[in-house]
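See structure below.
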Amino acid sequence: MSLLRSHYSIDVLNEQFGSSITVAGWIEDIRNLGSIAFIILRDRKGTLQVTGLKKEQPEIFEKLVNLPRESVISVTGLCQESRKARNGYEVLPEKISVLSVADSPLPLGVVDKVDADLDTRLDNRFIDLRKPEVQAIFQIRSAVIGAVHETLRSLDFDEVHTPKLIGTSSEGGTDVFKVGYFEKNAFLAQSPQLYKQMLMSTGLDRVYEIAWYFRAEEHNTRRHLNESTAVDVEMAFIENEGEVMQVLEKLVDSMWTKAGEQTMALSVLDKSINVPKTPFRRVTYDEALSLLSDRDCEVEWGEDLSTEEERLLGKIMGEQGHDFYFITRYPLSAKPFYTMPEGDKYSRGFDLECKGVELASGSQRIHQMDLLKDRMDALGLEISAFESYLKGFRFGMPPHGGFGFGIERFMMELLDIHNIRECILFPRDRTRLYP
RNA sequence: GCCCUGGUAGUGUAGUGGCCUAUCAUCCUAGCCUGUCGAGCUAGGGACUCGGAUUCAAAUUCCGGCCGGGGCGCCA
């Protein structure tokens with residue numbers, strides 16, 4: 001048992017009443033009434049009240065009431081039942097250790113009665129994260145990631161870690177960050193795509209990674225980050241992309257279910273979770289265009305949906321009772337080079353959408369090297385830059401497919417959070433590199 | 001990359017040419033108070049992003065810098 005803490009705030013039970021306990025945390029508030037003072041102490045699980053009496057313990061009383069808010073202390077004392085105090089008990093201090101005195105004024109109040117702007121909060125994230133409703137997001141995030149591991153391992157996937165420092169920009173498309181690598185230049189991986197594909201030729205033919213994505217796009221919106229995380233899955237010996245979609249469906253279902261079990265965190269956030277029904281609706285790209293056309297929204301065939309069009313489709317699907325749906329059979333022209341063609345014009349690529357927002361993107365991949373080279377040629381990619389990737393296809397590559405699934409986007413949809421920066425501890429956006 | 005938009009105490013705001021010696025709340029400091037839990041009461045403290053221009057007069061108008069926010073594109 002820790003000498004600085006025997007119990008967290010909410011772990012104190014009736015059986016502790018009348019005995020001595022040690023609690024520790026941050027001083028959230030001090031209400032000094034003169035001869036009696038109420039000190040609200042906050043820890044990871046909640047808050048509790050330390051009640052100081054001037055008459056009983058004058059030295060401890062003075063020490064306590066003169067501490068600045070957010071100072072860190074450990075208090076040992078009698079745990080006494082009290083209907084008047086929160087949690088039904090209070091601690092009467094017999095010994096206190098001041099572990100850290102907080103400077104004043106605080107750059108950001110934890111329990112101030114005024115809200116701070118997100119920018120101010122992020123500048124002082126270490127204090128922002130002391131707020132229970134901010135912490136709750138990351139407790140749920142942790143639980144959701146736990147569900148990813150459980151589900152994918154139970155589906156016989158191995159967890160892998162692929163390099164983030166790479167020699168050539170991986171997929172084309174997005175801009176990548178350039179970094180110095182001794183006498184060479186290197187890049188930060190925009191996704192594990194090419195590596196997880198290469199793994200398909202190794203016999204580790206069902207893999208997943210909780211991956212970091214680095215993207216050097218200069219967007220400035222509430223749903224983009226320059227450093228983000230994703231669940232990346234790749235699986236071999238598949239007949240078609242439908243098998244991949246089934247894995248994704250199970251994964252999302254388990255993540256949503258696990259999130260719904262986080263009752264404490266959800267109540268702090270005042271959110272409830274409705275687990276979506278599976279299987280998710282499948283809509284082909286052509287069907288989507290026709291549904292949009294019915295609403296006088298004409299999309300040129302072969303183009304990816306614009307944000308507005310995506311939202312309208314989300315609305316239409318919602319009206320039919322589908323928050324989640326796959327858009328399948330995308331035109332080849334709207335998907336990356338490694339996407340398996342279906343005939344001349346279509347592909348075996350799909351997106352998973354939630355209420356008009358793209359959560360995941362996947363496909364069956366091309367496993368034949370000649371076809372892969374043809375596609376790269378057609379899209380004007382420099383084949384020589386992909387030699388080490390292509391080599392993986394020369395000596396036995398099974399048919400395979402997979403998807404990438406953005407974790408922050410998922411959290412936004414799960415908890416109805418309006419700014420993606422709230423879904424990652426220390427966001428990296430167009431301008432923010434600190435803290 | 002294109003477009004729109006903002007910057008007033010630690011925090012969040014009011015103020016759109018003179019009534020600003022700048023509002024309110026929160027916060028901080030001191031004092032009173034033995035049951036607070038948005039504690040209360042009294043007194044006090046603290047700010048116009050920077051540079052230039054217009055004007056008798058600029059927080060307020062104009063130009064530029066710096067630092068933000070957002071939409072689109074692209075994507076997750």
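Note on naming: letters A, B, ... go to the chains in the order of the sequence lines (proteins, then strands), and numbering restarts at 1 for each one. When reading the values below, keep in mind they use all heavy atoms of this one structure, side chains included, and skip hydrogens, waters and symmetry mates.
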Whole-Å distance between [N] [atom2] and [X] [atom1]?
| X | N | atom1 | atom2 | result |
| --- | --- | --- | --- | --- |
| A/Asp351 | B/C75 | CG | C1' | 10 Å |
| A/Arg430 | B/C67 | CZ | P | 10 Å |
| A/Phe326 | B/A76 | CZ | P | 15 Å |
| A/Ile30 | B/U34 | CD1 | C1' | 17 Å |
| A/Ile407 | B/C75 | CD1 | P | 21 Å |
| A/Leu108 | B/C28 | CG | P | 13 Å |
| A/Phe38 | B/C33 | CZ | C1' | 12 Å |
| A/Glu81 | B/G35 | CD | C1' | 16 Å |

Tell me whether the OP1 or OP2 atom of [N] has a side-chain N or O from [X] closer than 4.0 Å.
| X | N | value |
| --- | --- | --- |
| A/Ser191 | B/A76 | no |
| A/Arg69 | B/C28 | yes |
| A/Thr307 | B/G73 | yes |
| A/Arg222 | B/C72 | no |
| A/Arg31 | B/U36 | no |
| A/Arg311 | B/C72 | yes |
| A/Asn87 | B/C37 | no |
| A/Ser104 | B/U29 | no |
| A/Arg83 | B/C37 | no |

Using the [atom1] atom in both, what is the distance from [N] to [M], to the nearest Å?
| N | M | atom1 | answer |
| --- | --- | --- | --- |
| B/G7 | B/G15 | C1' | 15 Å |
| B/A9 | B/U5 | C1' | 24 Å |
| B/G46 | B/C28 | C1' | 9 Å |
| B/C41 | B/A57 | C1' | 42 Å |
| B/C4 | B/A76 | C1' | 25 Å |
| B/C62 | B/C24 | P | 29 Å |
| B/C19 | B/U26 | C1' | 28 Å |
| B/C48 | B/U16 | C1' | 14 Å |

Looking only at side-chain atoms of [X], point me to the closest of [options].
| X | options | result |
| --- | --- | --- |
| A/Ser35 | B/U34, B/G69, B/A76 | B/U34 |
| A/Leu33 | B/U34, B/G70, B/A76 | B/U34 |
| A/Asn32 | B/U36, B/C33, B/C74 | B/C33 |
| A/Gln49 | B/C74, B/A76, B/G35 | B/G35 |
| A/Arg223 | B/C72, B/G12, B/G68 | B/C72 |
| A/Ala85 | B/U36, B/A76, B/C75 | B/U36 |
| A/Asp29 | B/U36, B/A39, B/C75 | B/A39 |

Query raised in the report: Under a cut-off of 3.5 Å for both distances of each Watson-Crick or G-U pair, what dot-bracket string does RNA chain B give, using [ ] for crossing pairs and | for inter-strand pairs?
Result: (((((((..(((.....[.....)))((((((.......))))))...(((((..]....))))))))))))....
For [X], answer base if it contacts any base atom (sugar-phosphate contacts may also be present), sugar-phosphate if it contacts only those atoms, and nothing otherwise; contact means non-hydrogen atoms under 4.0 Å.
| X | answer |
| --- | --- |
| A/Arg121 | nothing |
| A/Ser306 | sugar-phosphate |
| A/Glu28 | nothing |
| A/Leu118 | nothing |
| A/Ala230 | nothing |
| A/Arg42 | nothing |
| A/Leu359 | sugar-phosphate |
| A/Thr431 | sugar-phosphate |
| A/Asp115 | sugar-phosphate |

If I take atom [atom1] from residue [X] and atom [atom2] from residue [Y], how far apart are they, to the nearest 0.5 angstrom?
| X | Y | atom1 | atom2 | value |
| --- | --- | --- | --- | --- |
| A/Leu155 | A/Arg206 | CG | CZ | 6.5 Å |
| A/Asp29 | A/Glu70 | CG | CD | 10.0 Å |
| A/Ile127 | A/Thr120 | CD1 | OG1 | 12.0 Å |

Query raised in the report: Between A/Asp119 and A/Arg421, is there a salt bridge with N-O shorter than 4.0 Å?
Result: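 Answer for the salt bridge query: no.
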**Report entry** Cationic N near anionic O, under 4.0 Å, A/Arg282 to A/Glu287
**Finding:**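 Salt bridge absent between A/Arg282 and A/Glu287.
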Looking at [N], does its base get a donor-acceptor pair with the side chain of [X] below 3.5 Å?
| X | N | result |
| --- | --- | --- |
| A/Lys55 | B/U34 | yes |
| A/Glu90 | B/G35 | yes |
| A/His219 | B/C75 | no |

Query raised in the report: Quick one: do the A/Glu298 and A/Ser293 side chains pair a donor with an acceptor below 3.5 Å?
Result: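 Yes, side-chain donor-acceptor contact under 3.5 Å.
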Query raised in the report: Going by atom types only, do A/Lys164 and A/Thr162 share a side-chain donor-acceptor pair under 3.5 Å?
Result: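 Short answer, yes.
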Requested in this report: Verify the ring-centre separation between A/Phe337 and A/Phe386: is it less than 6.0 angstrom?
Outcome: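 Yes; A/Phe337 has its ring centre under 6.0 Å from that of A/Phe386.
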Query raised in the report: Given the side-chain rings of A/Phe350 and A/Phe326, with only the six-membered ring counted for Trp, is the space between their centroids under 6.0 Å?
Result: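 That pair passes the under 6.0 Å test.
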Query raised in the report: How do A/Pro105 and A/Arg432 order along RNA chain B: which one's closest nucleotide is nearer the 5' end?
Result: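 Mapping each residue to its closest nucleotide by heavy atoms, the 5'-most match is A/Pro105.
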Report task. Between A/Pro107 and A/Glu218, name the one whose nearest nucleotide on RNA chain B is closer to the 5' end. Result ->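 Nearest nucleotide further toward 5': that of A/Glu218.
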Report task. Classify the angle between the aromatic ring planes of A/Tyr89 and A/Phe17 as parallel (below 30°), tilted (30 to 60°) or perpendicular (above 60°). Result ->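 Answer is tilted, since the angle falls between 30° and 60°.
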Query raised in the report: If you count the non-hydrogen atoms of other residues, nucleotides and ligands that lie under 6.0 Å from CG in A/Asp270, is the total more than 12?
Result: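 Result for CG/A/Asp270: open.
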Query raised in the report: Are A/Arg215 and A/Tyr213 in a cation-pi contact, defined as NZ or CZ under 6.0 Å from the six-membered ring centre and within 45° of the axis?
Result: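 No, A/Arg215 does not sit over the ring of A/Tyr213.
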